[in-house]
Amino acid sequence: MKVTKSEFIISAVSPSQYPEDALPEIALAGRSNVGKSSLINRMINRKNLARTSSTPGKTQQLNYYRINDALYFVDFPGYGYAKVSKTQRALFGQMMEKYLLEREELKLVMQMIDMRHPPTKDDIMMYEWLKHHGLPVCVVTTKMDKIPKTRRAKHAKVIRDAIGLHPEDSFVSFSSEEGLGKDELWAVISRYSGF
Ligand code: GDP
């Protein structure tokens, strides 16, 4: 997949701001700091389009990126960030929930999990919720470069087993730092988006 054009479109704070051009959408969910912005930048060969930030919990909207005028990446607020107030969490939870349950353009959720550690309770709850609602998921484990090569398969297995990966779901190990998993992830995205 050759990305020739990528644009930040909008930080949507309400559904009325979602794009209306009916292009397929790929959502990215994961804990704050899991590496979502870095993954977006790597997938589209841009250094800084998705803001990489060391302050977790900064993203409080659905951030839309249009790729090759053919599909959108929709970046979700990072979950599991204690400093976001309860009211805010409930609110963003509602907006996310509505989007995930009702957005027809949504083709795939990429759920990102830090490969260095077993999944957190939030990671497991999120995956279970997505599967309960029948959503197609690709689990993407991040920061693979931080794990010695000989231990990567073991870490991947721990994560698969802990979340109870459904057989129909894809699983890709990724490193934004080294570009590992990029082609494989584009292949999965193509399969779901028809692009
Ligand atoms: P976000 O909050 O999920 O958007 O996470 P960021 O993309 O901002 O990444 C959080 C931190 O993890 C940053 O310091 C990144 O440089 C680092 N990071 C992200 N992806 C990788 C990766 O694949 N490898 C390594 N070594 N560090 C990463």
Side-chain angles (χ1 to χ4, degrees), residues 1 3 6-13 25-67 72-85 88-89 92-93 95-96 99-100 108-127 130 137-156 158-160 163 170-189:
M1 164 60 209
V3 176
S6 50
E7 305 157 89
F8 173 70
I9 301 297
I10 193 168
S11 284
V13 294
E25 298 181 3
I26 309 291
L28 290 96
R31 280 177 65 84
S32 299
N33 232 21
V34 71
K36 282 194 290 129
S37 315
S38 306
L39 177 137
I40 293 173
N41 288 331
R42 171 58 87 166
M43 291 296 282
I44 61 181
N45 309 315
R46 296 279 290 267
K47 267 221 161 71
N48 229 346
L49 186 65
R51 205 180 24 208
T52 9
S53 151
S54 54
T55 315
K58 236 179 168 180
T59 324
Q60 306 296 0
Q61 321 87 356
L62 296 189
N63 290 330
Y64 270 86
Y65 300 88
R66 189 166 57 214
I67 323 285
Y72 288 100
F73 280 167
V74 184
D75 188 18
F76 269 49
Y79 55 74
Y81 182 55
K83 282 188 188 158
V84 178
S85 77
Q88 263 185 334
R89 281 181 94 164
F92 299 132
M95 190 169 145
M96 278 170 61
Y99 173 91
L100 290 166
L108 174 71
V109 179
M110 301 204 289
Q111 190 189 348
M112 306 184 44
I113 297 178
D114 191 326
M115 197 169 178
R116 292 173 299 174
H117 316 290
T120 65
K121 271 195 198 134
D122 285 334
D123 291 329
I124 294 169
M125 266 170 44
M126 181 81 199
Y127 184 72
L130 292 168
V137 179
C138 175
V139 173
V140 182
T141 58
T142 60
K143 311 190 186 185
M144 174 159 65
D145 58 280
K146 292 205 169 181
I147 300 160
K149 284 196 177 114
T150 52
R151 298 188 52 79
R152 288 177 186 171
K154 167 85 181 143
H155 281 239
V158 166
I159 293 172
R160 275 173 199 265
I163 61 170
S170 312
F171 186 97
V172 175
S173 296
F174 198 89
S175 163
S176 300
E177 197 73 21
E178 296 180 354
L180 304 168
K182 183 179 163 183
D183 293 345
E184 195 184 344
L185 191 53
W186 269 123
V188 172
I189 292 169

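Every number for a ligand or one of its atoms is a count from 1 in the order of the listing.
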Is any NZ, NE, NH1 or NH2 atom of the basic residue among R31 and D122 found under 4.0 Å from an Asp or Glu carboxylate oxygen of the other?
yes
Hey, what's the ring geometry for Y64 with Y72, parallel, tilted or perpendicular (30° and 60° as the breaks)? perpendicular
Check your understanding: Does S32, backbone or side chain, put an N or O under 3.5 Å from an N or O of ligand 1?
Key -> no
Of L49, I189, N63, the one forming a side-chain contact (heavy atoms from CB on, under 4.5 Å) with F73 is I189
(message) Counting only heavy atoms from other residues, nucleotides and ligands, does the tally under 6.0 Å from CZ of R151 exceed 12?
(response) no
Counting heavy atoms under 4.0 Å, the part of K146 that contacts ligand 1 is side chain
*Please say whether V34 places an N or O atom under 3.5 Å from an N or O atom belonging to ligand 1.*
yes
Look only at the side chain of R116 and the backbone of K146, and say whether a donor-acceptor pair between them is shorter than 3.5 Å. no
By side chain to side chain contact (heavy atoms under 4.5 Å, CB included), R42 pairs with (sequence neighbours left out) F174, S176, K182
Quick look: D145 vs ligand 1, heavy-atom contacts under 4.0 Å, and the answer is side chain
Heavy-atom proximity to atom 2 (O) of ligand 1, picking from N33, L28, T142, points to N33
Here the atoms of ligand 1 under 4.0 Å from any heavy atom belonging to S175 are 23 (O)
Considering distance alone, does some N or O of S176 sit under 3.5 Å from an N or O of ligand 1?
-> yes
Candidates M112, K143, R42; heavy atom nearest atom 18 (N) of ligand 1 found on K143
Notebook entry, point to check: Do any N/O atoms on L39 end up under 3.5 angstrom from N/O atoms on ligand 1?
Noted result: no
